[in-house]
Amino acid sequence: MSSTVPETRLFAPATIRGLTLRNRLFLAPMCQYALNDRDGLANDWQLTHLGARAAGGFSLVITEATAVAPEGRISAEDVGLWSAEHEDRLARVVDFVQSQGAAAGVQLAHAGAKAGTEPWLPGYRGASLSAEQGGWQTFSPAGINPVSNLAPSTAMSRDQIQDSVGDWVAAAQRADRAGFDVLQIHAAHGYLIHQFLTPVTNQRTDDYGGNFDGRTRYLREIVAGIRDVWPEHKPLMIRFSGSDWVEGSWSIEDTSAVLNHLPGVDMVDVSSGGIGDVYTGPKPGPGYQLPLATRIKTDHPDLFVSGVGSITSGLQAEEALQETGIDALSIGRAALRNPNFPVEAAAELGFAKPDLPYAAQYWRATWPRNPQPVS
Ligand SMILES: Cc1cc2nc3c(=O)[nH]c(=O)nc-3n(C[C@H](O)[C@H](O)[C@H](O)COP(=O)(O)O)c2cc1C
């Protein structure tokens with residue numbers, strides 16, 4: 001009997017190092033600001049939120065920005081990975097995500113000058129927490145903030161930079177012990193690594209600043225340190241802002257160039273923005289950032305490249321993969337609306353039970369497409 005499973009790029013499995021992903025839909029990393037105890041310890045919210053999206057068919061479920069050090073949290077309610085207890089809490093989430101057939105990814109992050117902000121106050125636009133609200137002193141490459149509504153940040157000393165590289169590597173070791181399959185380094189959106197990359201905020205005069213070589217040194221040291229401890233069979237991924245859309249700042253040419261100096265990186269997710277107060281990029285809409293990811297795939301055909309931005313349906317996603325030649329798509333807000341986005345996408349593309357990537361427990365949900373007796 002011939003197969004009725006449609007031929008798609010979206011639901012073609014992919015293998016990177018020792019990991020096989022069941023399709024090309026990734027849950028984008030999304031801060032949840034859900035830890036009311038402000039201790040960085042993942043709790044039932046992460047288990048439920050990420051677990052639901054693993055059951056909903058995503059092939060790679062990536063955590064929210066997970067801080068490598070307490071002072072690197074974007075908000076006080078963020079998840080962290082700076083102790084064995086943090087590792088244990090995330091291990092529980094990883095186990096469940098993997099039990100649903102998804103790979104578990106952790107996005108390691110340090111917000112630098114963008115740390116210690118308040119997401120919940122009325123009028124929030126990433127402004128800093130005051131000391132009375134539990135804010136803390138933030139750090140940046142040169143004491144220059146990427147956006148203007150932040151409290152003053154302190155320029156990092158060389159010792160602080162080297163300690164910080166150590167924090168990333170230690171967090172990577174914990175991520176491995178917690179069982180994560182993929183480690184994503186957050187180098188995008190104006191956070192600490194990005195603050196080092198762009199000359200707008202990195203005006204250091206030592207060898208961690210200045211020219212391209214200096215500005216990329218912090219990232220290169222993080223990647224080298226992590227690749228040393230991150231197992232050979234596990235993929236290493238980076239998320240870049242492919243462009244800041246700011247004249248004279250980090251560009252797609254820079255993103256492409258730095259990838260020539262990051263041996264051991266297997267996967268790249270290409271987003272954009274995060275430096276400057278005024279958005280000057282292309283009008284957001286379906287696929288508006290994908291030309292950046294496409295450029296990276298063209299320049300680096302051996303890298304596994306994913307794109308992100310305003311993809312809201314399976315048909316759009318399939319078309320985007322076919323048109324651009326990139327390898328996968330990260331889904332953000334559409335996956336907040338619908339944890340079963342991949343299931344819906346499969347249905348749109350003509351899959352039927354039993355080929356839908358459904359959790360077995362939900363098999364009757366395909367009614368009335370696949371009528372079944374209900375007794
Ligand atoms: C609530 C929320 C939280 C986010 N937090 C993160 C984050 O922790 N790390 C990150 O790299 N991007 C973060 N992003 C950006 C998303 O990963 C994604 O790039 C963005 O939402 C665009 O994709 P979309 O149009 O599919 O939503 C966040 C976005 C949202 C909506």
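Both counts, for ligands and for their atoms, begin at 1 and track the order of listing. Note that the structure is predicted; figures quoted are calculated from it, not measured.
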Give the atom numbers and elements of ligand 1 that come within less than 4.0 Å of a heavy atom of [X].
X	answer
Ser310	24 (P), 25 (O), 26 (O)
Ala65	8 (O)
His189	10 (C), 11 (O), 12 (N)
Ala28	17 (O)
Gly309	23 (O), 25 (O)

Item checked: Residue selection (non-hydrogen contact nearest atom 5 (N) of ligand 1) among Cys31, Gly332, Ala334 -> Cys31
Notebook entry, point to check: At under 4.0 Å between heavy atoms, which part of Gln107 makes contact with ligand 1: side chain, backbone, both or neither?
Noted result: side chain
Notebook entry, point to check: Any salt bridge (charged side-chain N to carboxylate O under 4.0 Å, His left out) pairs touching residues 315-334, not counting sequence neighbours?
Noted result: Lys297-Asp327
Next item on the list: Look at Arg227 together with Asp266 and state whether they make a salt bridge at an N to O cut-off of under 4.0 Å.
Entry: yes
Margin query: Under a 4.0 Å threshold between the charged nitrogen and the carboxylate oxygen, would Asp44 count as salt-bridged to Arg92?
Written below: yes
Nearest-neighbour protein heavy atom for [atom], which is reported as residue plus atom name and distance:
atom	value
atom 22 (C) of ligand 1	Val308 CG2, 4.0 Å
atom 29 (C) of ligand 1	Met30 CG, 3.7 Å
atom 31 (C) of ligand 1	Arg333 CG, 3.5 Å
atom 17 (O) of ligand 1	Pro29 O, 2.8 Å

Checklist line | Donor-acceptor side-chain pairing of Tyr218 and Gln195 below 3.5 angstrom | finding: no
Note to self: When you measure from the side chain of Arg73 to the backbone of Gly116, do you find a donor-acceptor pair of N or O atoms at a distance under 3.5 Å?
What the structure shows: no
Item checked: salt bridge (charged side-chain N to carboxylate O under 4.0 Å, His left out) against Arg239, all qualifying residues, sequence neighbours excluded -> Asp269
Margin query: Tell me the closest heavy-atom pair linking Pro152 and Asn145, and the distance in Å.
Written below: CA-ND2, 4.1 Å
Margin query: Pair Asp167, Ser164 - check side-chain hydrogen bond (donor to acceptor under 3.5 Å, both in side chains), show working.
Written below: CA-CA 5 Å; Asp167 288 341; Ser164 173; 5.0 Å; no
Notebook entry, point to check: What class does the angle between the rings of Phe196 and Tyr208 fall in, given that below 30° is parallel, 30 to 60° is tilted and above 60° is perpendicular?
Noted result: perpendicular
Item checked: 4.0 Å protein heavy-atom contact status of atom 20 (C) of ligand 1, strictly under -> no
Check: Is there at least one pair of N or O atoms, one from Arg239 and one from ligand 1, spaced under 3.5 Å apart?
Finding: yes
